[in-house]
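Here is the structure we will look at.
In the text below, chain A, chain B and the rest are named by the order of the sequence lines, each starting its count at 1.
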2 protein chains.
Amino acid sequence: MKTYSISEVAKELNLTVYTLRYYDKEGLMPFVERTPNGNRLFKESDISALKVIECLKATGMPIKEIKTFIDWCSEGDSTLEQRYKMFLERKANVEAQMEELKKTMEIIQHKCSYYKTAMDGGTEDIHKKEKLAKP
Amino acid sequence: MKTYSISEVAKELNLTVYTLRYYDKEGLMPFVERTPNGNRLFKESDISALKVIECLKATGMPIKEIKTFIDWCSEGDSTLEQRYKMFLERKANVEAQMEELKKTMEIIQHKCSYYKTAMDGGTEDIHKKEKLAKP
DNA sequence: TATAGACTTCGAGTTAACTCTATGGTTTGG
DNA sequence: CCAAACCATAGAGTTAACTCGAAGTCTATA
């Protein structure tokens with residue numbers, strides 16, 4: 001079975017070796033084995049697990065909470081419900097983030113056209129004047 | 001014209017007074033006036049500007065870059081193009097974030113059903129066994 | 001008039017998530 | 001056989017974005 005060194009994994013996941021070692025220090029990678037002289041030896045499944053960790057990070061989950069999840073994984077089937085609930089919560093969280101981003105996007109688009117008009121008119125005053133109908 | 005104290009603005013924008021003062025310290029609020037004895041006096045337009053700042057923050061823009069934008073605003077019409085470009089970049093950035101979130105969501109949903117099945121089956125092994133057809 | 005409850009500044013402290021430095025152990029090619 | 005290029009650890013340093021404490025000012029009310 002193919003294995004990988006820390007720098008290979010770092011390259012594959014677009015992380016630095018520092019970051020990977022930091023994750024390990026924080027307890028996110030208890031599954032990674034070592035060579036006799038202590039080097040980390042990553043299996044394909046370890047890379048998959050790291051991708052899940054990256055996914056959880058992308059949802060905004062702090063590393064301490066990700067560790068809790070990893071601990072649950074190590075504990076086995078007795079924690080299946082907790083893990084399921086956690087993912088449901090993450091899902092709700094991501095949905096909320098999407099909503100938030102949508103609102104943000106609307107404002108940004110509004111600003112884009114605001115500045116387009118202002119630029120074309122040569123001045124921002126164009127927006128102030130439009131609102132006051134000439135008497 | 002109605003004005004607001006720092007704590008009123010904090011409440012309205014769901015920020016703390018500490019955060020508002022921090023923003024001011026960082027130069028994000030050069031427009032906010034003061035009472036004769038030094039208290040900040042927020043106008044409606046200041047609150048609008050703060051909402052734009054919050055929007056930029058929501059796009060993931062760091063405070064130093066937001067300050068650059070605020071400085072451009074203070075400089076007037078000569079910076080209209082820069083500001084327009086900045087919003088276009090922000091828009092692209094938010095679009096990228098949305099894409100990223102979508103991918104994240106797919107993995108999360110996948111995990112939700114993975115754990116649902118595992119929970120119902122009482123063990124995670126259900127997923128490993130499915131892949132190896134019985135010989 | 002004094003106490004409470006706003007507000008102010010300055011600067012220190014906190015937290016998360018890296019990021020790096022120092023030091024040292026293997027392995028490998030010229 | 002030794003220098004380069006990996007790997008390791010421990011622990012210090014960095015950065016962003018707050019967050020707070022101390023000390024002081026102002027204003028309104030009992």
Q. Between N37(B) (CG) and dG24(D) (P), how many Å, whole number?
A. 18 Å
Q | Test of ring centre spacing under 6.0 Å for Y23(B) and Y18(B) | A | no
Q. Between E99(B) and K103(B), is the closest basic N to carboxylate O distance under 4.0 Å?
A. no
Q) So does E106(B) pair up with K111(B), basic N to acidic O under 4.0 Å? A) no
Q. What's the closest nucleotide to the Y18(A) side chain, out of dC7(D), dT19(D), dC20(C)?
A. dC20(C)
Q: Ignoring backbone atoms, test whether R21(A) places a side-chain nitrogen or oxygen under 4.0 Å from the OP1 or OP2 oxygen of dT9(D).
A: no
Q) Looking at R40(B), does any N or O in its side chain come under 4.0 Å of the phosphate oxygens OP1/OP2 on dT8(C)? A) yes
Q.
Expressed as a whole number of angstroms, how long is the span from L41(A):CG to dC6(D):P?
A. 17 Å
Q) Would you call R34(B)-D24(B) a salt bridge at under 4.0 Å N-O? A) yes
(Q) Any side-chain N or O of N39(B) below 4.0 angstrom from OP1/OP2 of dC26(D)? (A) no
Q. Given side chains that start at C-beta, do those of F69(A) and F87(A) come closer than 4.5 Å, heavy atoms only?
A. yes
Q) Under 4.0 Å between a side-chain N or O of R34(A) and OP1 or OP2 of dT9(D)? A) yes
Q. To the nearest angstrom, how far is M29(A) atom CE from dC18(C) atom C1'?
A. 15 Å
Q. For S7(A) and dC7(D), is the shortest distance between a side-chain N/O and OP1 or OP2 below 4.0 Å?
A. yes
Q. When all nucleic acid strands are considered with a 4.0 Å heavy-atom cut-off, which category describes T35(A): base, sugar-phosphate, or nothing?
A. nothing
(Q) Within 45 degrees of the ring normal and closer than 6.0 Å to the centroid, is that where the cationic atom of K25(B) sits relative to Y22(B)? (A) no
I'd like a list of close polar pairs between nucleotides 13-17 of chain C and the protein, N/O only, cut-off under 3.5 Å.
unit_1: dA17(C); atom_1: OP2; unit_2: I63(A); atom_2: N; d: 3.2

Q: Look at the side-chain N and O atoms of S5(A) and state whether any lies under 4.0 Å from the OP1 or OP2 oxygen of dC6(D).
A: no
Q) Nearest-Å distance, CD (E8(B)) to P (dA6(C))? A) 11 Å
**Q.** Side-chain N,O (T16(B)) to OP1/OP2 (dC18(D)) below 4.0 Å
**A.** no
Q.
What is the distance, to the nearest angstrom, from the CG atom on L20(B) to the C1' atom on dC18(D)?
A. 12 Å
Q) Have N93(B) and E89(B) got a donor and an acceptor in their side chains that come within less than 3.5 Å? A) no
